[in-house]
Asks: 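Please read through the structure below; I'll follow up with questions.
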Amino acid sequence: VFIPLTVGGGVRSVDDVDRLLRAGADKISVNTAAIARPELINEISSRFGAQVLVLSVDARRANTASGFEVTTHGGRVSAGLDAMEWISQGCRRGIGEVLLNSMDADGTRAGYDLQMISDVRPNCQVPLIASGGAGKLEDFADALETGADASAVRIAKLTKRVATAFDGTRYKWRLGN
């Protein structure tokens with residue numbers, strides 16, 4: 001089984017991408033730098049290929065044409081972009097995947113924002129990875145059935161370590177609460 005390593009955060013230039021790929025990353029995720037300078041998407045895709053580039057979109061419900069806006073800084077700052085238009089623009093510029101993180105659902109463990117996934121899917125011509133809100137295993141199936149091609153989760157948010165007895169060798173892991 002091959003699971004590609006995607007690296008993001010602080011990627012601002014083609015040189016950054018080159019360094020990360022040479023260090024072992026398989027894919028690179030961009031967000032804030034691409035919002036500030038959309039031509040970065042073209043530059044990365046042109047040099048390394050679309051298969052390398054993931055557009056990370058932190059979106060929340062808002063009064064926009066699609067009903068969703070792009071945010072930065074953990075969902076605290078509006079980027080002033082309609083999420084559907086930004087994803088479409090990213091596809092035209094050469095992204096290979098979209099990581100769609102629902103800032104409304106992120107951290108809630110109440111399930112993915114299925115309406116957002118459903119609304120984004122027709123506007124996204126590349127693989128769509130759902131993120132934000134998973135709390136139980138069934139949430140993954142729901143996201144896939146709604147239109148996501150995959151779902152992402154930070155394992156620390158889905159699992160909870162419960163030390164029932166710690167003798168230096170034993171931990172008990174369980175899903176959920």
Asks: So which heavy atom on Trp86 is nearest to which on Ala34, and how close?
Replies: CH2-O, 3.3 Å
Asks: Within the distance-only criterion (no hydrogens, no angle test), does the side chain of Ser88 pair as donor or acceptor with the backbone N or O of Met84 below 3.5 angstrom?
Replies: yes
Asks: State the CZ-CD distance between Phe140 and Glu138, to the nearest 0.5 angstrom.
Replies: 10.0 Å
Asks: To the closest 0.5 Å, what do you measure between CG (Asn31) and NE2 (His73)?
Replies: 9.5 Å
Asks: I'd like to check Val54 versus Val30 (side-chain heavy atoms, cut-off strictly below 4.5 Å). Are they in contact?
Replies: no
Asks: Heavy atoms only: give me the nearest Ala33-Leu40 pair and the separation to one decimal.
Replies: CB-CD2, 3.8 Å
Asks: Report yes or no: do Thr71 and Asp58 form a side-chain donor-acceptor pair below 3.5 Å?
Replies: no
Asks: What's the separation between atom CZ in Arg37 and atom CG in Asn42, rounded to the nearest 0.5 Å?
Replies: 9.5 Å
Asks: Would you mind reporting whether Arg47 and Asp18 have side-chain heavy atoms less than 4.5 Å apart?
Replies: yes
Asks: Does any N or O in the side chain of Ser46 come within less than 3.5 Å of the main-chain N or O of Glu43, such that one atom is a donor and the other an acceptor?
Replies: no
Asks: Taking the side chain as every heavy atom from C-beta outward, state whether Phe48 and Leu53 have any pair of such atoms under 4.5 Å apart.
Replies: no
Asks: Look at the side chain of Thr146 and the backbone N and O of Asp142, then say whether any donor-acceptor pair between them is shorter than 3.5 Å.
Replies: yes
Asks: Among Thr64, Asp82, Val57, Thr32, exactly one meets side-chain contact (heavy atoms from CB on, under 4.5 Å) together with Val70. Which residue is that?
Replies: Val57
Asks: Any chance you could measure Asp113, atom CG, to Ser131, atom OG, to the nearest 0.5 Å?
Replies: 12.0 Å
Asks: Are side-chain heavy atoms of Lys136 and Arg109 found at a separation under 4.5 Å?
Replies: no
Asks: Hey, quick one: are Leu144 and Leu100 part of the same hydrophobic cluster, counting side-chain heavy atoms closer than 4.5 Å, chains of contacts allowed?
Replies: no
Asks: Starting at CG of Asn63, measure out to CZ of Phe68 and round the result to the nearest 0.5 Å.
Replies: 12.5 Å
Asks: When you group the ILVMFWY residues by side-chain heavy-atom contacts below 4.5 Å and let the links chain together, are Ile117 and Met103 in the same group?
Replies: no
Asks: Whether the side chain of Asp106 engages the backbone of Ser102 through a donor-acceptor N/O pair (distance < 3.5 Å, no angle test) should be reported.
Replies: no
Asks: Show the nearest heavy-atom pair for residues Val77 and Arg60, with the distance to one decimal.
Replies: C-NH2, 4.4 Å
Asks: Do Ile129 and Asp149 have side chains that approach each other closer than 4.5 Å (heavy atoms only, starting at C-beta)?
Replies: no
Asks: Please walk me through it: do Lys27 and Val7 pass side chain to side chain contact (heavy atoms under 4.5 Å, CB included)?
Replies: CA-CA 6 Å; Lys27 298 179 183 220; Val7 178; over 6 Å; no
Asks: With distance as the sole test, does Arg22 use its side chain to make a donor-acceptor pair with the main-chain N or O of Arg19 at under 3.5 Å?
Replies: no
Asks: At their closest point, which heavy atom of Ile35 faces which heavy atom of Leu81, and how far apart are they?
Replies: CG2-CD1, 3.9 Å
Asks: Give a yes or no answer on whether the side chain of Ser29 reaches the backbone of Gly8 with a donor-acceptor pair at less than 3.5 Å.
Replies: no
Asks: What's the spacing between Gln89 CD and Arg93 CZ if we round to 0.5 Å?
Replies: 4.5 Å
Asks: Any donor and acceptor pair, going by atom type alone, linking the side chain of Arg121 with main-chain N or O of Cys124 inside 3.5 Å?
Replies: yes
Asks: For residues Thr108 and Asp104, report the shortest heavy-atom separation together with the two atoms involved.
Replies: CG2-O, 3.7 Å
Asks: Where do Ala59 and Met116 come nearest, in terms of heavy atoms and distance?
Replies: O-CE, 3.7 Å
Asks: Using side-chain contact (heavy atoms from CB on, under 4.5 Å) as the criterion, point out the one residue from Asp26, Ile95, Ile28 that pairs with Val52.
Replies: Ile28
Asks: Are the side chain of Asp16 and the backbone of Arg12 linked by a donor-acceptor contact shorter than 3.5 Å?
Replies: yes
Asks: Glu69 and Ser78: side-chain donor and acceptor closer than 3.5 Å?
Replies: yes
Asks: Does the Ser45 side chain pair with the main chain of Gly49, one donor and one acceptor, at a distance under 3.5 Å?
Replies: no
